[in-house]
*Asks:* 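This is the structure I want to talk about, given as structure tokens.
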Amino acid sequence: MKKLCILFMSLLLLSFFMFGCGGDSSNIKIGLIAELTGDIPAVGASCKNAAEMAVKEINDLGGIQFGDKKYKVDLIIEDNAGKGEQSASSAQKLITQKKVVAIVGPNASRYALPAAEIAESSKVVLITPWSTTPKTTLDSKTGLPKKYVFRSCFIDPFQGRVVARFTLENLKLKKAAVLYDVASEYNKGIAEIFKEAYEKNGGKIVAFETYTTNDKDFSSQLTKIKKAKPEVIFLPNYYSEVPLQIQQAKRLGISVPFIGSDSWGSEELLKLCGKDCDDYYFSTHYAADAATPATKKFIESYKAKYGTVPDDVAALTYDSFGLLFQSLKTAGKNDREAVRDALAKIPQYDGVTGSMQFKEGSGDPIKSAVILKIKDGKFSWFANAKP
Amino acid sequence: MIYILQQALNALQLGSIYALIALGYTMVYGILTMINFAHGDLFMVGAFFCFLIAVYLKLSFVPTLLLSMLGVASLGVIIERFAYKPLRNAPRVSAIITALGVGLFLENFTLALSPYPQHIPTLINSTTWNLGGVSVSSLQIIIIVLSLALMFILDFIVQRTKVGMAMRAISWDKTIVPLMGVPVNKIISLTFAIGTGLGGAAGVMYGLAYPVIDPYMGIMVGWKAFISAVVGGIGNIRGAMIGGFILGSVEIMVAAFLPSTYRDVVSFALLLILLIFRPYGILGKPHPQKV
């Protein structure tokens with residue numbers, strides 16, 4: 001009933017934006033593209049919640065100061081329905097029709113990529129909170145960094161290396177198997193980098209198995225993995241699939257530990273997994289239980305507003321808006337080009353997911369990762385990993 | 001050897017679910033020569049009924065299964081009555097488009113209720129036994145045995161009862177049979193009820209084996225079951241069962257011995273080759289058009 005209510009409210013809100021996009025024309029318009037429906041709606045919901053909270057907070061302070069006048073921020077939300085082509089058309093719509101100054105989102109790499117192409121060619125800043133594949137911020141033709149695409153998270157090579165090192169050094173497990181979604185940009189990228197880093201540091205990959213998005217039966221691949229006798233299984237897959245994989249593995253008599261990546265970090269995983277995911281580790285962007293005062297404040301107000309602990313998407317979305325607000329302030333005007341220039345060389349920004357820094361010539365921030373452990377149906381901080 | 005046995009067991013589990021869904025396609029085709037493309041989504045509704053009953057009514061496995069089957073069967077009858085019956089004499093394309101529309105309606109209706117994947121609670125406490133290196137779970141056994149039992153019951157109804165005889169008669173000649181006093185509408189409704197009810201049962205079992213369910217889960221599984229029905233010879237009930245097990249085995253075995261990326265490529269290529277040599281499916285018979 002509550003979800004129904006939220007859905008109804010968001011529909012209402014959406015129609016409000018569709019029909020009533022009047023407001024004050026001098027307001028600063030920021031677009032948000034989120035996965036509100038489709039295969040990972042929990043990601044979209046967190047993203048939207050955090051975005052609305054960030055915008056409300058800045059508006060409660062009167063808005064953003066340009067010279068001696070303060071301007072309010074308007075948030076325009078688009079649903080990409082969990083589709084690549086709709087992500088691109090949402091970006092197009094926000095840029096040409098809604099005339100936004102910058103875009104935040106989409107989150108999953110497979111949706112962020114098409115939207116990023118549009119933003120780059122239209123010369124509008126796009127910050128993706130959660131897309132960790134290196135390709136998002138790189139030009140597909142030249143391989144050089146895109147000029148207008150940024151992110152507030154670390155990238156897969158970094159994360160793949162962190163997990164590989166953690167497995168070898170902290171868990172001391174030298175034989176790993178990998179099962180990943182070959183049709184998804186994120187899963188594939190991180191699996192390949194994990195393999196490379198793991199083997200380079202003295203580990204052995206005994207099975208490297210794939211499946212395709214929306215598969216539900218992994219018994220064949222898991223039986224193959226079981227035959228290879230790994231000591232640990234790496235599942236860099238999304239939260240809606242991981243529980244199925246772990247449960248099926250247990251039914252096939254596999255008892256080795258599992259490790260994962262930041263795509264595990266949704267409260268939904270705990271709900272779908274029950275007790276089956278206890279004692280497993282994954283790398284992610286921030287730990288809600290080992291937080292700095294600024295992060296604690298964010299977590300408290302998010303909890304008060306939405307009744308749940310913010311997941312990594314929420315925290316990263318909040319930081320994306322933080323970055324955007326700071327660059328708007330530095331730019332001093334509501335101008336796409338000026339915002340881009342300010343964002344590209346933010347010397348330091350202390351966000352809720354840790355401090356980050358941008359250097360001209362790359363849209364990827366310099367920041368650290370954390371390793372979380374799942375314990376008694378909760379995520380808890382286990383270790384930090386420096387860049 | 002153990003490896004092959006384990007994979008064979010996996011194949012049996014997947015195949016029995018495909019077979020159960022394929023029966024729905026084949027029964028409706030047999031009696032109406034129409035492909036009910038909403039069947040995959042009725043399967044999805046079965047899994048959601050299972051979820052709702054298990055979570056809100058907190059019933060155990062058997063009543064959950066029966067209620068879900070009943071719910072999906074009633075839905076099937078309603079759909080037939082209001083969406084397909086008015087089009088029974090319309091061109092076949094209209095009926096297929098309607099079926100696709102019904103499928104989309106079911107998907108989006110479920111999506112509108114909640115876009116989140118749902119988790120079906122554990123209805124059967126699955127224990128895993130190790131039989132000489134092969135892991136067998138009680139859940140697996142229940143799924144395989146129950147599917148086979150349902151298929152035998154269906155086969156008995158169709159081959160040995162009066163109702164079954166009426167079904168076979170209608171599929172033989174729809175214009176003459178009413179003259180013999182067979183209540184065609186009732187039999188068609190019953191066929192829909194049984195076919196969709198089996199789809200519902202498959203939804204429940206699928207939900208138990210793969211307990212994360214979402215509104216789009218019926219699309220791919222539905223297509224695969226449809227292909228199973230075609231491979232077995234659409235319209236032929238035993239053919240649908242065989243087709244389901246063949247597709248399940250091919251999928252599992254391809255992934256077992258080749259890189260799993262090739263699974264769908266190889267399995268669909270094999271099916272295409274099979275259809276070249278037996279265009280009416282394994283047990284299907286050609287129906288020459290009388291001029």
Side-chain angles (χ1 to χ4, degrees), chain A residues 1-4 6-8 11 35-42 44-45 79 81-82 179-180 182-183 207-227 238-245 247-255 268 271-276, chain B residues 2-11 13-14 17-18 108 111-122 126-130 133-140 206-207 209-217 219-221 248-249 251-264:
Chain A
M1 199 56 220
K2 206 175 125 211
K3 281 178 187 163
L4 209 74
I6 292 171
L7 192 86
F8 183 65
L11 275 178
E35 295 82 351
L36 297 179
T37 56
D39 56 344
I40 45 170
D79 177 17
L179 174 67
Y180 67 98
V182 73
F208 201 61
E209 291 298 313
T210 58
Y211 64 94
T212 329
T213 320
N214 288 334
D215 274 5
K216 295 271 163 82
D217 185 277
F218 310 100
S219 58
S220 187
Q221 291 95 321
L222 287 168
T223 306
K224 224 168 160 182
I225 287 176
K226 189 186 171 194
K227 197 177 132 201
Y238 287 101
Y239 66 86
S240 53
E241 291 163 338
V242 169
L244 284 176
Q245 290 156 358
Q247 282 160 359
Q248 283 178 37
K250 290 195 166 167
R251 249 183 266 143
L252 284 167
I254 296 175
S255 54
E268 286 288 309
K271 244 188 266 167
L272 298 174
C273 226
K275 279 202 179 67
D276 286 325
Chain B
I2 288 168
Y3 178 62
I4 294 177
L5 273 177
Q6 181 77 63
Q7 294 288 20
L9 201 66
N10 297 340
Q13 180 188 333
L14 192 64
I17 289 172
Y18 284 159
N108 288 294
L111 192 69
L113 292 181
S114 163
Y116 294 90
Q118 302 291 349
H119 181 241
I120 293 190
T122 325
S126 184
T127 38
T128 305
W129 298 292
N130 193 332
V134 180
S135 298
V136 184
S137 70
S138 48
L139 187 64
Q140 217 164 15
Y206 195 82
Y210 316 109
V212 178
I213 59 170
D214 63 83
Y216 295 124
M217 66 186 272
I219 301 174
M220 204 56 208
V221 178
S249 317
E251 276 198 356
I252 295 278
M253 289 303 169
V254 168
F257 294 104
L258 294 173
S260 28
T261 326
Y262 296 126
R263 191 196 58 198
D264 284 358

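Remember, it's a predicted structure, so these values are computed and weren't measured experimentally.
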*Asks:* Any chance OH of Tyr262(B) has more than 12 other-residue heavy atoms, nucleotides or ligands included, within less than 6.0 Å?
*Replies:* no
*Asks:* When only pairs under 4.5 Å are counted, which of Val182(A), Leu252(A), Ile254(A) shares the most heavy-atom pairs with chain B?
*Replies:* Leu252(A)
*Asks:* Testing the basics here: between Tyr210(B) and Lys216(A), what is the closest heavy-atom pair and its distance to 0.1 Å?
*Replies:*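 Result for this residue pair: CD2-O, 3.1 Å.
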*Asks:* How far does CD of Gln247(A) sit from CG of Leu139(B), to the nearest 0.5 angstrom?
*Replies:* 10.5 Å
*Asks:* Might you point out which heavy atoms bring Arg251(A) and Thr128(B) nearest each other, and give the distance in Å?
*Replies:*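 Looks like O-CG2, 3.2 Å.
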*Asks:* For Lys227(A), is it the side chain, the backbone, both, or neither that has a heavy atom closer than 4.5 Å to a heavy atom of chain B?
*Replies:* side chain
*Asks:* How far apart are the C-alpha atoms of Asn10(B) and Thr223(A), what are their side-chain angles, what is the distance that settles it, and do they pass the side-chain hydrogen bond (donor to acceptor under 3.5 Å, both in side chains) test?
*Replies:* CA-CA 9 Å; Asn10(B) 297 340; Thr223(A) 306; 2.8 Å; yes
*Asks:* Do Lys271(A) side-chain atoms and His119(B) backbone N/O form a donor-acceptor pair below 3.5 Å?
*Replies:* no
*Asks:* Write down the atom of Pro117(B), the atom of Leu272(A), and the distance for their closest heavy-atom approach.
*Replies:*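 The answer is O-CD2, 4.1 Å.
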*Asks:* Between Glu209(A) and chain B, with a heavy-atom cut-off of 4.5 Å, which part of the residue counts as in contact: side chain, backbone, both or neither?
*Replies:*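 Contact with chain B: backbone and side chain both.
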*Asks:* Could you give the distance from OH (Tyr3(B)) to NZ (Lys226(A)), rounded to the nearest 0.5 Å?
*Replies:*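 That separation rounds to 11.5 Å.
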*Asks:* Quick check on Ile252(B) against chain A: is it the side chain, the backbone, both or neither that has a heavy atom closer than 4.5 Å?
*Replies:*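 Backbone plus side chain of Ile252(B), per the 4.5 Å heavy-atom cut-off to chain A.
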*Asks:* Taking atom CG of Asn214(A) as the centre, does the number of heavy atoms from other residues, nucleotides or ligands within less than 6.0 Å exceed 12?
*Replies:* no
*Asks:* Within the structure provided, determine whether Arg263(B) and Asp215(A) are in side-chain contact (heavy-atom separation under 4.5 Å).
*Replies:*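 A side-chain contact under 4.5 Å exists here.
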*Asks:* Using 0.5 Å steps for rounding, measure from the OH atom of Tyr116(B) to the CG atom of Asp39(A).
*Replies:* 13.0 Å
*Asks:* Can you tell which part of Lys250(A) gets under 4.5 Å to a heavy atom of chain B, answering side chain, backbone, both or neither?
*Replies:*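 Just its backbone gets close to chain B.
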*Asks:* Rounded to the nearest 0.5 Å, how far apart are CD of Gln6(B) and OG of Ser219(A)?
*Replies:* 8.5 Å
*Asks:* If you tally heavy-atom pairs under 4.5 Å against chain A, which of Trp129(B), Tyr206(B), Phe257(B) wins?
*Replies:*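 That would be Tyr206(B).
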